[in-house]
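Chain letters run A, B, ... following the sequence lines, proteins first, then strands; residues in each count from 1. Please read all numbers here as calculations on a predicted model, not as lab measurements.
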2 protein chains.
Amino acid sequence: MTQELFAKYSFLLDRTARKVKQYAQQQFKSGEFDVTVDQWLVLKNLSENELLSQTELANLVFKDHPTLTRIIDLLCKKGYVERITHPQDRRSFQLHLTESGVAKVTALKPKVLEIREKAWENLNETDFEEFKRILNTIYQNLDGQTIEE
Amino acid sequence: MTQELFAKYSFLLDRTARKVKQYAQQQFKSGEFDVTVDQWLVLKNLSENELLSQTELANLVFKDHPTLTRIIDLLCKKGYVERITHPQDRRSFQLHLTESGVAKVTALKPKVLEIREKAWENLNETDFEEFKRILNTIYQNLDGQTIEE
DNA sequence: TACAAATAGTTAGTGTGACAAATATATGAA
DNA sequence: TTCATATATTTGTCACACTAACTATTTGTA
(Lines give C-alpha, C1' and ligand atoms only; values in the text may rest on other atoms or scores of the structure.)
Protein backbone atom coordinates (compact mmCIF):
# COMPACT_ATOMS: atom_id res chain seq x y z
CA MET A 1 0.00 0.00 0.00
CA THR A 2 1.37 3.35 -0.96
CA GLN A 3 1.75 6.32 1.32
CA GLU A 4 -0.61 8.37 -0.79
CA LEU A 5 -3.46 6.16 0.31
CA PHE A 6 -2.83 6.94 3.96
CA ALA A 7 -3.34 10.61 3.24
CA LYS A 8 -6.50 9.83 1.30
CA TYR A 9 -8.00 7.95 4.22
CA SER A 10 -7.27 10.83 6.55
CA PHE A 11 -9.23 13.00 4.17
CA LEU A 12 -12.17 10.57 4.07
CA LEU A 13 -12.19 10.35 7.84
CA ASP A 14 -12.32 14.10 8.26
CA ARG A 15 -14.94 14.52 5.57
CA THR A 16 -17.22 11.87 7.02
CA ALA A 17 -16.90 13.13 10.58
CA ARG A 18 -17.88 16.60 9.42
CA LYS A 19 -20.83 15.26 7.46
CA VAL A 20 -22.10 13.29 10.45
CA LYS A 21 -21.92 16.36 12.65
CA GLN A 22 -23.46 18.61 10.04
CA TYR A 23 -26.35 16.25 9.40
CA ALA A 24 -27.11 15.94 13.10
CA GLN A 25 -26.84 19.69 13.59
CA GLN A 26 -29.30 20.34 10.77
CA GLN A 27 -31.77 17.94 12.33
CA PHE A 28 -31.24 19.54 15.74
CA LYS A 29 -31.95 22.90 14.20
CA SER A 30 -35.03 21.96 12.24
CA GLY A 31 -36.38 20.18 15.31
CA GLU A 32 -35.72 23.27 17.40
CA PHE A 33 -33.73 21.30 19.96
CA ASP A 34 -32.22 24.55 21.30
CA VAL A 35 -28.80 22.91 21.75
CA THR A 36 -25.89 22.09 19.49
CA VAL A 37 -24.60 18.59 18.91
CA ASP A 38 -21.69 19.17 21.28
CA GLN A 39 -23.91 20.73 23.92
CA TRP A 40 -26.10 17.64 23.68
CA LEU A 41 -23.12 15.36 24.31
CA VAL A 42 -22.36 17.30 27.47
CA LEU A 43 -25.97 17.31 28.66
CA LYS A 44 -26.30 13.57 28.11
CA ASN A 45 -23.16 12.81 30.08
CA LEU A 46 -24.30 15.06 32.89
CA SER A 47 -27.61 13.23 33.03
CA GLU A 48 -25.75 9.96 33.45
CA ASN A 49 -23.23 11.25 36.03
CA GLU A 50 -24.33 13.83 38.53
CA LEU A 51 -21.99 16.21 40.34
CA LEU A 52 -19.05 15.86 38.00
CA SER A 53 -16.28 18.43 38.06
CA GLN A 54 -15.43 20.11 34.77
CA THR A 55 -12.18 18.15 34.60
CA GLU A 56 -13.99 14.83 35.08
CA LEU A 57 -16.52 15.80 32.44
CA ALA A 58 -13.78 16.91 30.05
CA ASN A 59 -12.20 13.47 30.33
CA LEU A 60 -15.53 11.77 29.69
CA VAL A 61 -16.37 13.67 26.53
CA PHE A 62 -12.77 14.08 25.31
CA LYS A 63 -12.92 17.83 25.05
CA ASP A 64 -10.29 20.21 26.32
CA HIS A 65 -10.88 22.50 29.24
CA PRO A 66 -11.37 25.81 27.43
CA THR A 67 -13.89 24.24 25.06
CA LEU A 68 -15.77 22.71 27.96
CA THR A 69 -15.76 25.99 29.88
CA ARG A 70 -17.55 27.68 26.98
CA ILE A 71 -20.03 24.88 26.41
CA ILE A 72 -20.90 24.93 30.12
CA ASP A 73 -21.23 28.73 29.95
CA LEU A 74 -23.77 28.38 27.15
CA LEU A 75 -25.70 25.61 28.89
CA CYS A 76 -25.84 27.71 32.07
CA LYS A 77 -27.10 30.68 30.07
CA LYS A 78 -29.83 28.47 28.63
CA GLY A 79 -30.74 27.33 32.11
CA TYR A 80 -29.98 23.64 31.68
CA VAL A 81 -26.92 23.43 33.94
CA GLU A 82 -25.72 25.01 37.19
CA ARG A 83 -22.21 25.36 38.58
CA ILE A 84 -22.17 24.55 42.31
CA THR A 85 -19.06 25.39 44.29
CA HIS A 86 -17.42 22.23 45.54
CA PRO A 87 -17.83 22.08 49.32
CA GLN A 88 -14.23 21.00 49.97
CA ASP A 89 -12.36 22.55 47.05
CA ARG A 90 -13.06 26.14 46.14
CA ARG A 91 -11.18 25.85 42.83
CA SER A 92 -13.69 23.34 41.56
CA PHE A 93 -17.35 23.12 40.60
CA GLN A 94 -19.88 20.36 40.81
CA LEU A 95 -21.99 20.42 37.68
CA HIS A 96 -25.70 20.01 38.17
CA LEU A 97 -28.51 19.53 35.67
CA THR A 98 -31.45 21.81 36.41
CA GLU A 99 -35.02 20.55 36.18
CA SER A 100 -35.16 22.16 32.79
CA GLY A 101 -31.99 20.31 31.84
CA VAL A 102 -33.38 16.96 32.93
CA ALA A 103 -36.54 17.62 30.96
CA LYS A 104 -34.47 18.54 27.90
CA VAL A 105 -32.51 15.30 28.03
CA THR A 106 -35.67 13.25 28.47
CA ALA A 107 -37.32 14.98 25.54
CA LEU A 108 -34.39 14.82 23.14
CA LYS A 109 -32.93 11.40 23.87
CA PRO A 110 -35.18 9.32 21.60
CA LYS A 111 -35.05 11.93 18.85
CA VAL A 112 -31.24 11.97 18.86
CA LEU A 113 -31.07 8.19 18.64
CA GLU A 114 -33.35 8.27 15.65
CA ILE A 115 -31.16 10.88 13.94
CA ARG A 116 -28.00 8.92 14.66
CA GLU A 117 -29.49 5.77 13.21
CA LYS A 118 -29.73 7.25 9.74
CA ALA A 119 -25.99 6.92 9.15
CA TRP A 120 -26.15 3.11 9.44
CA GLU A 121 -28.49 2.35 6.60
CA ASN A 122 -27.01 -0.37 4.40
CA LEU A 123 -24.60 -1.37 7.17
CA ASN A 124 -24.85 -4.19 9.69
CA GLU A 125 -23.63 -5.03 13.16
CA THR A 126 -20.39 -6.57 11.91
CA ASP A 127 -19.64 -3.35 10.07
CA PHE A 128 -20.21 -1.46 13.26
CA GLU A 129 -17.81 -3.66 15.23
CA GLU A 130 -15.14 -3.36 12.54
CA PHE A 131 -15.61 0.37 12.35
CA LYS A 132 -15.30 0.74 16.10
CA ARG A 133 -12.19 -1.44 16.19
CA ILE A 134 -10.46 0.51 13.42
CA LEU A 135 -11.34 3.91 14.89
CA ASN A 136 -10.02 2.86 18.28
CA THR A 137 -6.85 1.48 16.75
CA ILE A 138 -6.19 4.76 14.99
CA TYR A 139 -6.87 6.69 18.16
CA GLN A 140 -4.47 4.53 20.13
CA ASN A 141 -1.78 4.79 17.48
CA LEU A 142 -1.73 8.54 17.90
CA ASP A 143 -2.46 8.78 21.59
CA GLY A 144 -0.35 6.04 23.07
CA GLN A 145 -3.00 5.34 25.64
CA THR A 146 -5.30 2.35 25.86
CA ILE A 147 -8.99 2.77 25.29
CA GLU A 148 -11.46 0.49 26.89
CA GLU A 149 -14.97 0.11 25.63
CA MET B 1 -28.76 -3.79 17.04
CA THR B 2 -30.08 -1.36 19.60
CA GLN B 3 -30.29 2.33 18.98
CA GLU B 4 -27.92 3.09 21.83
CA LEU B 5 -25.23 1.08 20.10
CA PHE B 6 -25.78 3.04 16.92
CA ALA B 7 -25.30 6.31 18.72
CA LYS B 8 -21.77 5.55 19.85
CA TYR B 9 -20.23 5.75 16.40
CA SER B 10 -20.67 9.49 16.17
CA PHE B 11 -18.68 10.02 19.34
CA LEU B 12 -15.88 7.67 18.30
CA LEU B 13 -15.77 9.10 14.80
CA ASP B 14 -15.58 12.67 15.99
CA ARG B 15 -13.00 11.85 18.63
CA THR B 16 -10.77 9.96 16.20
CA ALA B 17 -10.99 12.56 13.45
CA ARG B 18 -10.00 15.25 15.93
CA LYS B 19 -7.10 13.16 17.18
CA VAL B 20 -5.84 12.58 13.64
CA LYS B 21 -5.97 16.27 12.89
CA GLN B 22 -4.45 17.25 16.19
CA TYR B 23 -1.57 14.80 15.80
CA ALA B 24 -0.80 16.04 12.31
CA GLN B 25 -1.05 19.68 13.40
CA GLN B 26 1.40 19.07 16.24
CA GLN B 27 3.86 17.50 13.83
CA PHE B 28 3.38 20.38 11.40
CA LYS B 29 4.11 22.80 14.18
CA SER B 30 7.16 21.07 15.60
CA GLY B 31 8.50 20.73 12.05
CA GLU B 32 7.89 24.44 11.42
CA PHE B 33 5.88 23.72 8.29
CA ASP B 34 4.40 27.25 8.39
CA VAL B 35 0.98 25.97 7.29
CA THR B 36 -1.94 24.30 9.03
CA VAL B 37 -3.29 20.90 8.10
CA ASP B 38 -6.19 22.42 6.18
CA GLN B 39 -3.95 24.92 4.43
CA TRP B 40 -1.78 21.99 3.37
CA LEU B 41 -4.77 20.19 1.87
CA VAL B 42 -5.51 23.27 -0.21
CA LEU B 43 -1.90 23.73 -1.30
CA LYS B 44 -1.58 20.10 -2.32
CA ASN B 45 -4.72 20.24 -4.44
CA LEU B 46 -3.55 23.43 -6.09
CA SER B 47 -0.25 21.79 -6.96
CA GLU B 48 -2.14 18.98 -8.70
CA ASN B 49 -4.61 21.24 -10.51
CA GLU B 50 -3.48 24.62 -11.73
CA LEU B 51 -5.79 27.56 -12.42
CA LEU B 52 -8.75 26.27 -10.44
CA SER B 53 -11.49 28.66 -9.45
CA GLN B 54 -12.37 28.85 -5.77
CA THR B 55 -15.62 27.01 -6.45
CA GLU B 56 -13.83 24.18 -8.21
CA LEU B 57 -11.32 23.96 -5.40
CA ALA B 58 -14.06 24.00 -2.77
CA ASN B 59 -15.67 21.01 -4.43
CA LEU B 60 -12.35 19.17 -4.52
CA VAL B 61 -11.54 19.59 -0.86
CA PHE B 62 -15.14 19.48 0.42
CA LYS B 63 -14.98 22.80 2.19
CA ASP B 64 -17.62 25.48 1.91
CA HIS B 65 -16.96 28.75 0.11
CA PRO B 66 -16.50 31.07 3.08
CA THR B 67 -14.06 28.67 4.70
CA LEU B 68 -12.09 28.41 1.49
CA THR B 69 -12.05 32.18 1.01
CA ARG B 70 -10.41 32.56 4.39
CA ILE B 71 -7.88 29.78 3.86
CA ILE B 72 -6.92 31.30 0.51
CA ASP B 73 -6.58 34.70 2.20
CA LEU B 74 -4.07 33.23 4.63
CA LEU B 75 -2.13 31.41 1.91
CA CYS B 76 -1.95 34.62 -0.13
CA LYS B 77 -0.71 36.50 2.91
CA LYS B 78 2.00 33.87 3.34
CA GLY B 79 2.92 34.26 -0.31
CA TYR B 80 2.16 30.71 -1.43
CA VAL B 81 -0.88 31.47 -3.59
CA GLU B 82 -2.06 34.25 -5.91
CA ARG B 83 -5.53 35.15 -7.08
CA ILE B 84 -5.56 35.94 -10.80
CA THR B 85 -8.65 37.56 -12.27
CA HIS B 86 -10.31 35.21 -14.71
CA PRO B 87 -9.85 36.62 -18.24
CA GLN B 88 -13.46 35.95 -19.27
CA ASP B 89 -15.33 36.22 -15.97
CA ARG B 90 -14.60 39.06 -13.62
CA ARG B 91 -16.53 37.41 -10.78
CA SER B 92 -14.06 34.60 -10.62
CA PHE B 93 -10.39 33.97 -9.84
CA GLN B 94 -7.89 31.52 -11.14
CA LEU B 95 -5.79 30.28 -8.26
CA HIS B 96 -2.09 30.08 -8.86
CA LEU B 97 0.72 28.61 -6.76
CA THR B 98 3.65 30.98 -6.50
CA GLU B 99 7.23 29.73 -6.78
CA SER B 100 7.34 29.81 -3.03
CA GLY B 101 4.15 27.74 -2.93
CA VAL B 102 5.54 25.14 -5.32
CA ALA B 103 8.70 24.91 -3.24
CA LYS B 104 6.64 24.50 -0.09
CA VAL B 105 4.64 21.62 -1.56
CA THR B 106 7.80 19.91 -2.79
CA ALA B 107 9.44 20.25 0.59
CA LEU B 108 6.51 19.15 2.70
CA LYS B 109 4.99 16.35 0.63
CA PRO B 110 7.20 13.48 1.83
CA LYS B 111 7.08 14.72 5.41
CA VAL B 112 3.29 14.85 5.42
CA LEU B 113 3.01 11.33 4.03
CA GLU B 114 5.26 10.09 6.79
CA ILE B 115 3.13 11.79 9.43
CA ARG B 116 -0.07 10.38 7.95
CA GLU B 117 1.34 6.87 7.99
CA LYS B 118 1.52 6.79 11.78
CA ALA B 119 -2.25 6.57 12.19
CA TRP B 120 -2.44 3.28 10.33
CA GLU B 121 -0.06 1.15 12.33
CA ASN B 122 -1.50 -2.22 13.33
CA LEU B 123 -4.01 -2.14 10.48
CA ASN B 124 -3.87 -4.12 7.25
CA GLU B 125 -5.16 -3.69 3.73
CA THR B 126 -8.44 -5.43 4.46
CA ASP B 127 -9.00 -2.98 7.28
CA PHE B 128 -8.42 -0.06 4.93
CA GLU B 129 -10.89 -1.37 2.41
CA GLU B 130 -13.52 -1.96 5.07
CA PHE B 131 -12.89 1.42 6.62
CA LYS B 132 -13.18 3.19 3.30
CA ARG B 133 -16.36 1.32 2.42
CA ILE B 134 -18.02 2.13 5.75
CA LEU B 135 -16.96 5.79 5.72
CA ASN B 136 -18.27 6.25 2.21
CA THR B 137 -21.54 4.48 2.99
CA ILE B 138 -22.11 6.72 5.99
CA TYR B 139 -21.30 9.79 3.93
CA GLN B 140 -23.75 8.82 1.23
CA ASN B 141 -26.46 7.95 3.74
CA LEU B 142 -26.35 11.49 5.08
CA ASP B 143 -25.55 13.43 1.92
CA GLY B 144 -28.28 15.28 0.09
CA GLN B 145 -30.83 14.62 2.77
CA THR B 146 -33.47 17.29 3.19
CA ILE B 147 -33.96 18.92 6.53
CA GLU B 148 -37.73 18.62 6.47
CA GLU B 149 -39.27 15.24 7.12
C1' DT C 1 5.12 26.90 59.09
C1' DA C 2 6.71 28.26 54.55
C1' DC C 3 6.82 27.88 49.99
C1' DA C 4 7.30 25.53 45.62
C1' DA C 5 4.66 22.61 42.75
C1' DA C 6 0.38 20.80 41.28
C1' DT C 7 -4.47 21.33 40.14
C1' DA C 8 -9.17 23.62 38.60
C1' DG C 9 -10.79 26.65 35.85
C1' DT C 10 -10.78 30.95 32.79
C1' DT C 11 -9.21 34.19 29.20
C1' DA C 12 -7.07 35.36 24.84
C1' DG C 13 -5.70 34.45 20.15
C1' DT C 14 -5.89 31.96 15.88
C1' DG C 15 -7.97 28.78 12.69
C1' DT C 16 -11.82 26.21 11.01
C1' DG C 17 -16.92 24.93 10.08
C1' DA C 18 -21.62 26.04 9.11
C1' DC C 19 -25.05 29.10 7.68
C1' DA C 20 -27.19 33.47 6.10
C1' DA C 21 -26.91 37.54 3.71
C1' DA C 22 -24.58 40.86 0.75
C1' DT C 23 -21.99 42.33 -3.51
C1' DA C 24 -20.61 42.06 -8.08
C1' DT C 25 -20.92 40.13 -12.42
C1' DA C 26 -22.86 37.15 -16.03
C1' DT C 27 -26.62 34.98 -18.53
C1' DG C 28 -31.07 34.08 -20.48
C1' DA C 29 -35.64 35.14 -21.88
C1' DA C 30 -39.36 38.42 -23.02
C1' DT D 1 -32.76 45.98 -24.59
C1' DT D 2 -34.03 45.02 -20.08
C1' DC D 3 -34.86 42.70 -16.16
C1' DA D 4 -35.13 38.56 -13.48
C1' DT D 5 -32.25 34.91 -12.27
C1' DA D 6 -28.02 32.48 -11.63
C1' DT D 7 -23.19 32.30 -10.30
C1' DA D 8 -18.62 33.56 -7.80
C1' DT D 9 -16.96 35.33 -3.96
C1' DT D 10 -17.01 37.93 0.40
C1' DT D 11 -18.65 39.39 4.98
C1' DG D 12 -20.79 38.57 9.42
C1' DT D 13 -21.98 35.67 13.24
C1' DC D 14 -21.85 31.88 16.26
C1' DA D 15 -19.73 27.58 17.82
C1' DC D 16 -15.85 24.54 18.52
C1' DA D 17 -10.58 23.01 18.75
C1' DC D 18 -6.18 23.83 20.24
C1' DT D 19 -2.39 26.36 22.49
C1' DA D 20 -0.55 29.38 25.81
C1' DA D 21 -0.81 32.19 29.55
C1' DC D 22 -3.16 33.53 33.61
C1' DT D 23 -5.76 33.46 38.45
C1' DA D 24 -7.01 31.15 42.38
C1' DT D 25 -6.64 27.50 45.31
C1' DT D 26 -4.74 23.20 47.29
C1' DT D 27 -1.11 19.93 48.30
C1' DG D 28 3.43 18.17 49.22
C1' DT D 29 7.62 18.67 51.39
C1' DA D 30 11.32 20.51 53.85
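- Using a 4.5 Å cut-off on side-chain heavy atoms (C-beta onward), A:Phe28 and A:Val112 make contact.
- Chain A approaches DNA chain D within less than 4.0 angstrom (heavy atoms of the protein), and the contacting nucleotides run 5' to 3' from D:dA15 to D:dT26.
- Here the C1' atom of nucleotide C:dG17 and the NZ atom of A:Lys19 are 13 Å apart, to the nearest Å.
- Against DNA chain D, the stretch residues 22-48 of chain B makes heavy-atom approaches under 4.0 Å through B:Gln22, B:Gln26, B:Lys29.
- Contacts with DNA chain D (heavy atom under 4.0 Å) in residues 82-91 of chain A: A:Gln88, A:Asp89, A:Arg90, A:Arg91, listed by number.
- Shown for residues 65-72 of chain B: residues whose heavy atoms fall under 4.0 angstrom of DNA chain D, namely B:His65, B:Pro66, B:Thr69, B:Arg70.
- Between A:Arg18 atom CZ and C:dG15 atom C1' the separation is 14 Å, expressed in whole Å.
- Not a single side chain to side chain donor-acceptor pair (under 3.5 Å) links A:Thr85 to another residue, sequence neighbours left out.
- Between B:Leu12 and A:Phe131, the closest side-chain pair of non-hydrogen atoms is not below 4.5 Å.
- In terms of the side-chain contact (heavy atoms from CB on, under 4.5 Å) criterion, residue partners of B:Leu113 (sequence neighbours excluded) are, by chain and number, A:Gln3, A:Glu4, A:Ala7.
- In terms of modelled atom types and a separation under 3.5 Å, the side chain of B:Ser30 and the main chain of B:Gln27 share a donor-acceptor contact.
- Both B:Lys78 and A:Glu56 lie near DNA chain C, and the one whose nearest nucleotide falls closer to the 5' end is A:Glu56.
- What you find for B:Ala24 and B:Val37 is that their closest heavy atoms are CB-CG2, 3.8 Å.
- Listed by first and then second residue, the salt bridge (Lys or Arg N to Asp or Glu O under 4.0 Å) pairs that reach into residues 80-90 of chain B are B:Asp73-B:Arg83, B:Asp89-B:Arg91, sequence neighbours excluded.
- For A:Asp34, there are no salt bridge (charged side-chain N to carboxylate O under 4.0 Å, His left out) partners at least two apart in sequence or on another chain.
- Mapping B:Phe62 and A:Leu52 onto DNA chain C by nearest heavy atom places A:Leu52 at the nucleotide closer to the 5' end.
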Please list, one pair per line, the donor and acceptor atoms closer than 3.5 Å that link side chains of residues 38-45 of chain B to other protein atoms, with sequence neighbours excluded.
unit_1  : atom_1 : unit_2  : atom_2 : d
B:Asp38 : OD1    : B:Lys21 : NZ     : 3.4
B:Asp38 : OD1    : B:Lys63 : NZ     : 2.7
B:Asp38 : OD2    : B:Lys21 : NZ     : 3.0
B:Gln39 : OE1    : B:Thr36 : N      : 3.2
B:Gln39 : OE1    : B:Lys78 : NZ     : 2.8
B:Asn45 : ND2    : B:Leu41 : O      : 2.9

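- Annotation: side-chain contact (heavy atoms from CB on, under 4.5 Å) contacts of A:Ser10 (sequence neighbours excluded): B:Val20, B:Arg116, B:Trp120.
- In terms of phosphate contacts, B:Lys63 brings a side-chain nitrogen or oxygen within less than 4.0 Å of OP1 or OP2 of C:dG17.
- A residue-by-residue look at B:Thr55 and B:Asp14 shows that B:Thr55 has its nearest nucleotide of DNA chain D further toward the 5' end.
- We find that CG of A:Leu95 is positioned 13 Å from P of C:dA8, with the value rounded to whole Å.
- Scanning for salt bridge (charged side-chain N to carboxylate O under 4.0 Å, His left out) contacts around A:Glu129 gives A:Lys132, with sequence neighbours left out.
- For the pair A:Asp64 CG and C:dA12 P, the interatomic distance rounds to 17 Å; values are reported in whole Å.
- By the ring-ring contact (aromatic ring centres under 6.0 Å, His included) test, B:Phe93 pairs with no residue at all, sequence neighbours left out.
- A donor-acceptor contact shorter than 3.5 Å is absent between the side chain of A:Ser53 and the backbone of A:Gln94.
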